[in-house]
Structures are given as C-alpha cells and as structure tokens.
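What follows is a short report on a single structure.
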Amino acid sequence: MSPRDEIPDLKGLDGEGSLQVHLDPSQKIEGAKVFSVYGKGGIGKSTTSSNLSAAFSMLGKRVLQIGCDPKHDSTFTLTGKLQPTVIDILKEVDFHAEELRPEDFVTVGFNGVMCVEAGGPPAGTGCGGYVVGQTVKLLKQHHLLEDTDVVIFDVLGDVVCGGFAAPLQHADRAVIVTANDFDSIYAMNRIIAAVQAKSSNYKVRLAGCVANRSKDTDEIDRYCNKVGFNRLAHMPDIDAIRRSRLKKKTLFAMDDDQDIVMARAEYIRLAEALWRSVSEPEMFPEPLPDREIFELLGFD
C-alpha cells in the first residue's frame, strides 16, 4: 500500500480537509431541545442567550445555559455575579470529577434557570472542545439534564474550529446573532458553512438569525433572501439592553419601562419560534463565496 492510499478522503465529510470526531453516544443529551448561539465576537451573544433563557423560563420551560467562553460572563445577568468555571473547579480537585457536587459548578439564576460556565484553556494551550465535553459529562453524571426542557450553549466569538464547534455535536438547532453590517453578516456566512459541514454527520440544523443592536435589518434581509435563511427576531439598539448589563440583570428582572416591555416581548416570540423550529422542516441555506458576499453587500 502506498502512502497516498493510507490518506483518508476527507473532502466534504466535515468541511474540506477536516476530520469528523464522532460524539460518544453516552454523552448525548436526551430529552431537552438544545440550541447553540453563535456570531461575531462582541455582537451580543451572551445578552441574547441570557434573555432567551429567561424567556424560555417565563414560558414554563426548565432551562440550562452553558457559557463556553474563558471570560465566563455568559450567565452573570442571570445570576448577578461571575461564576467559577468548570475547568477551574476541576483543576482544584486535580480532575477527580467524582469529588464534585452539583452546587460546585451549577448556580440557579433568574426564575430557576440553571447556569454553568464551562470556561476554557489559557490562550494557545488547549482545545475548547475538551472543556465543553467535560462539562456535558459532569452534567450527565449528576443527572442534571434529565429534568431539563431547554439547553442553550453560548459559544465564544465567531471561532469555527473543531473545538468551538463542539456544541454543534449536541445541538438540535444553531442560532446566529448578527448586526446589520458587513462584518457581522460575513461572519454569519462563515458560521452557516460550518454548521452545514457538521450537519452531514450530526443532527444539528440551522434555525435562523437574530438581528441585534441594529436600527434596520435591510442588509440582513437581503443576505437571507439571497441564501435562503430566516431572520427570527429583531432586537433594536436600545439603551434598555445596555442598562440591563450594567445592572447585572436580564430584561425580565428590570422595571416595566416601555422599551424593556417591548424587548421582552420580542424575546418571548424568539423563544416560541425556536421551540417550534425543532419540529419544523429543515433549512439548508447556501453560503456565499467571498467575492459574491462582497458584491451583494455593496463593496466595489
């Protein structure tokens, strides 16, 4: 056998040139509907995730939110504080997970939402996929997923490497947070391609996008119409959301100002749409090559 014969043909299996790592069946999340939230760095994924978790809880769902960012601030508006990360807690017990109790790594936040911060390795030293895997393993060992209706993974930035694509192995639907500008839509285009690659071997499919911090949605809508994607919600750039972050609260724990009531209603609509999306026909948008997305969004 020649050396060339020993090289597997990976093209098209999980993105050209990449190797699909299959999920351990024992780590499969059963019962709950699982959503992974992606988007350009700084676009408001944690704000979206936390308010979405709160909205699901207001609809009577039992919710677990998992932050997948080393800075571990995904859930602080739900809990009012920064939590220790799973990876840091595991280090404290020399990775003897059997020594941990649920209260060591799970905090109950607004309206009963369970909050976990997976954390991540120091920059350049490891893979975020390992941390996600260890977090799900812990949750399974302590039976914390058995009585959960909704799991939300809040995923770091627009990184689409194998490590930070790990939540896609568990998710039913991926949600992309974007703004009405070129850079955000360009990142969304790449994330769509990454999710489509994973969907060849995993159950994950695309649910749609959320327009965030945007007065208008014309550029987002033009892109969605072109590739066959759906905009699920529109969160305008209102000061109420900024204030909620400063007060370490979700919008659902704020006073009933007009703009806050309006934003809450949109999050409730988003939660309802996502809950339905798991049983609706699957969507397969076609991401654009770089040249075409530049041309579409008006760059000469």
Side-chain angles (χ1 to χ4, degrees), residues 18-19 21-29 32 34-39 41-43 45-50 52-53 63-109 113-146 148 150-171 174 191 194 198 202 204 248:
S18 67
L19 179 62
V21 178
H22 289 278
L23 179 67
D24 181 347
S26 68
Q27 301 309 309
K28 184 179 179 181
I29 297 176
V34 184
F35 304 98
S36 288
V37 180
Y38 282 86
I43 201 62
K45 293 178 299 301
S46 293
T47 300
T48 300
S49 297
S50 295
L52 182 57
S53 289
V63 186
L64 168 66
Q65 181 170 320
I66 303 173
C68 304
D69 192 322
K71 70 178 185 292
H72 61 104
D73 66 343
S74 171
T75 61
F76 89 101
T77 57
L78 288 162
T79 64
K81 61 182 180 182
L82 286 177
Q83 294 187 84
T85 69
V86 167
I87 197 69
D88 288 339
I89 292 167
L90 283 171
K91 286 179 183 177
E92 290 177 4
V93 296
D94 198 23
F95 290 88
H96 292 291
E98 68 277 3
E99 297 182 14
L100 297 180
R101 302 164 300 171
E103 55 266 33
D104 293 327
F105 58 94
V106 178
T107 300
V108 178
V113 175
M114 291 192 295
C115 301
V116 178
E117 293 286 351
T125 64
C127 178
Y130 168 79
V131 180
V132 172
Q134 288 299 304
T135 299
V136 173
K137 185 177 179 180
L138 266 178
L139 292 166
K140 295 272 286 187
Q141 287 173 345
H142 290 275
H143 308 286
L144 294 172
L145 293 168
E146 294 174 4
T148 303
V150 174
V151 177
I152 294 177
F153 286 96
D154 175 16
V155 188
L156 170 70
D158 53 349
V159 181
V160 292
C161 69
F164 284 99
L168 296 175
Q169 299 179 12
H170 302 281
I191 295 165
K198 286 292 180 186
Y202 296 133
V204 65
K248 302 178 184 178

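Here the side chains of Thr48 and Asp154 are not in contact, with every heavy-atom distance at 4.5 Å or above. Residues Phe76 and Ser46 have side chains not in contact (no heavy-atom distance under 4.5 Å, counting atoms from C-beta outward). Between Thr75 and Thr107 the shortest side-chain heavy-atom distance does not fall below 4.5 Å. Considering only heavy atoms from C-beta on, Ser53 comes within 4.5 Å of Leu78 through its side chain. Between Leu52 and Phe35 the shortest side-chain heavy-atom distance does not fall below 4.5 Å.
Here the closest heavy-atom approach between residue Gln141 and residue Ala97 is recorded as OE1-CB, 4.2 Å. The shortest heavy-atom contact between Thr148 and Met114 is OG1-CE, 3.5 Å. The shortest heavy-atom contact between Cys68 and Val155 is CB-CA, 4.1 Å. Residue Ala32 comes nearest to Val150 through the heavy atom pair CB-N, 4.1 Å, listed as atom of the first residue, atom of the second, then distance.
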Does the pair Leu139 and Phe105 meet the rule for a side-chain contact (heavy atoms from CB on, under 4.5 Å), with working shown? CA-CA 9 Å; Leu139 292 166; Phe105 58 94; 4.0 Å; yes

side-chain contact (heavy atoms from CB on, under 4.5 Å) between Leu64 and Leu144: does it pass, once the steps are laid out? CA-CA 9 Å; Leu64 168 66; Leu144 294 172; 5.9 Å; no

Give the intermediate values and the outcome of side-chain contact (heavy atoms from CB on, under 4.5 Å) for residues Thr77 and Thr47. CA-CA 8 Å; Thr77 57; Thr47 300; over 6 Å; no

Show the numbers, then the answer: is there a side-chain contact (heavy atoms from CB on, under 4.5 Å) between His170 and Val151? CA-CA 10 Å; His170 302 281; Val151 177; over 6 Å; no

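Counting only distance, with no hydrogens or angles, the side chain of Gln134 and the backbone of Val86 share no donor-acceptor pair below 3.5 Å. Proximity of a side-chain donor or acceptor of Asp94 to a complementary backbone N or O of His96 within less than 3.5 Å is not detected. In this structure, the side chain of His72 does not engage the main chain of Leu82 through any donor-acceptor pair within 3.5 Å.
The line from OG1 of Thr85 to CG of Leu90 is 8.5 Å long, rounded to the nearest 0.5 Å. Residue Lys81 holds its NZ atom at 10.0 Å from SG of Cys115, rounded to the nearest 0.5 Å. Taking OG from Ser36 and CD from Gln169, the interatomic distance works out to 10.0 Å, rounded to the nearest 0.5 Å. Taking CG of Asp73 as the start and CD of Glu117 as the end, the distance is 7.0 Å to the nearest 0.5 Å.
Side-chain contact, His143 with Glu146: a donor N or O sits under 3.5 Å from an acceptor N or O. Checking Ser74 against Gln65 by side-chain atom types alone, a donor-acceptor pair falls below 3.5 Å.
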